[in-house]
Amino acid sequence: VQLQASGGGLVQSGGSLRLICAASGRIMRINAMGWYRQAPGKQRELVATVTSAGFTNYADFVKGRFTASRDNAKNTVSLQMNSLKPEDTAVYSCYIDDYGMEYWGKGTLVTVSS
């Protein structure tokens with residue numbers, strides 16, 4: 001199973017970006033899909049998850065600003081990020097739980113300038 005994330009880049013404070021992650025390979029049944037991030041010098045932290053039924057869970061620091069969604073037919077998960085802040089600067093990685101097995105993408109860098 002491979003995960004490919006895209007959509008990162010440089011944006012000014014208050015701007016928006018949309019990340020997309022596509023899963024491919026021998027996928028059995030994806031349960032949760034989601035995003036983590038890791039800022040320089042900090043631990044990895046959960047950003048958002050989406051269950052197979054479409055229920056979402058967000059970290060407090062992104063509630064009201066980020067929206068996660070998934071397309072089960074295409075095995076993709078997206079993260080719409082609005083009102084970005086400099087503290088959102090990090091490498092964003094997607095993951096999936098495929099029938100109990102976790103897989104991670106390489107990550108895409110998001111840089112928010114002040």
Side-chain angles (χ1 to χ4, degrees):
V1 176
Q2 296 82 39
L3 301 180
Q4 181 65 50
S6 60
L10 174 64
V11 65
Q12 288 189 331
S13 181
S16 298
L17 282 175
R18 183 177 180 84
L19 306 182
I20 298 176
C21 177
S24 61
R26 298 188 66 178
I27 296 169
M28 296 182 68
R29 185 185 72 194
I30 299 177
N31 296 321
M33 305 181 79
W35 297 88
Y36 279 75
R37 73 183 187 185
Q38 187 166 20
K42 295 188 177 181
Q43 290 188 332
R44 187 176 64 189
E45 56 188 0
L46 175 68
V47 176
T49 59
V50 189
T51 69
S52 57
F55 294 106
T56 54
N57 181 51
Y58 297 97
D60 287 343
F61 52 77
V62 302
K63 284 182 179 177
R65 300 188 299 125
F66 292 10
T67 302
S69 60
R70 62 188 280 177
D71 184 327
N72 292 328
K74 296 180 180 179
N75 292 327
T76 60
V77 59
S78 301
L79 186 67
Q80 177 66 43
M81 304 184 294
N82 299 328
S83 302
L84 283 162
K85 306 174 181 179
E87 52 264 43
D88 292 319
T89 295
V91 174
Y92 286 71
S93 301
C94 59
Y95 83 96
I96 65 170
D97 176 343
D98 178 31
Y99 209 59
M101 294 289 293
E102 283 195 352
Y103 298 92
W104 292 82
K106 281 189 175 181
T108 183
L109 177 62
V110 172
T111 303
V112 185
S113 63
S114 57

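Numbering starts at 1 and runs along the sequence shown. Predicted model, so just to flag it, every value in this text is computed and none were measured.
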Worksheet item: Are L19 and V110 close enough that some pair of their side-chain heavy atoms sits under 4.5 Å apart?
Response: yes
Worksheet item: In Å, rounded to the nearest 0.5 Å, how long is the span from OG1 of T111 to CG of L10?
Response: 6.0 Å
Discussion item. Can you see whether N31 engages S52 through a side-chain donor-acceptor pair at a distance of less than 3.5 angstrom?
Written reply: no
Worksheet item: Do you know the tightest heavy-atom contact between V50 and S69?
Response: CG2-N, 4.1 Å
Fill in: Verify same cluster id: V91, I20 (apolar side-chain graph, 4.5 Å)
no
Discussion item. Applying salt bridge (Lys or Arg N to Asp or Glu O under 4.0 Å) as the test, list every pair that has at least one member in residues 12-37; sequence neighbours left out.
Written reply: R37-E45, R37-D88
Fill in: Distance-minimising heavy-atom pair for L3 and A23
CD2-CB, 3.3 Å
Practice prompt. Search all heavy atoms of M33 against all heavy atoms of T76 and return the closest pair with its distance.
Written response: CE-C, 3.7 Å
Worksheet entry | Reported CG-to-CD1 distance for the pair D97 and I30, which is rounded to 0.5 angstrom | 9.0 Å
Worksheet item: Does any non-hydrogen side-chain atom of M81 lie less than 4.5 Å from one of V11?
Response: no
Item to complete: Show your reasoning for whether side chain to side chain contact (heavy atoms under 4.5 Å, CB included) applies to M28 and M101.
Response: CA-CA 10 Å; M28 296 182 68; M101 294 289 293; over 6 Å; no
Item to complete: Could you tell me which non-hydrogen atom of A59 sits nearest to which non-hydrogen atom of L46, and how far apart they are?
Response: CB-O, 3.2 Å
Fill in: Which atom of T108 lies closest to which atom of A5, heavy atoms considered
CG2-CB, 4.4 Å
Worksheet item: Which ring-ring contact (aromatic ring centres under 6.0 Å, His included) pairs, counting each pair once, include a residue from residues 38-88, with sequence neighbours left out?
Response: none
Discussion item. Give me each pair satisfying ring-ring contact (aromatic ring centres under 6.0 Å, His included) with a member in residues 85-114, each pair once, sequence neighbours excluded.
Written reply: Y36-Y95, Y36-W104, Y95-W104
Worksheet item: Where do L109 and A90 come nearest, in terms of heavy atoms and distance?
Response: CD1-O, 3.6 Å
Worksheet item: Rounded to the nearest 0.5 Å, what separation is found between the CD1 atom of I27 and the CD atom of Q2?
Response: 8.5 Å
Worksheet item: In Å and rounded to the nearest 0.5 Å, what is the OG to CD distance from S114 to Q12?
Response: 9.5 Å
Discussion item. If I take atom NZ from residue K85 and atom OG from residue S13, how far apart are they, to the nearest 0.5 angstrom?
Written reply: 9.0 Å
Item to complete: Please examine the side chains of Q80 and S16, heavy atoms only from C-beta on, and report whether any two atoms are closer than 4.5 Å.
Response: yes
Response to the item:
In this structure, OG1 of T67 is separated from CG of N82 (nearest 0.5 Å) by 6.5 Å
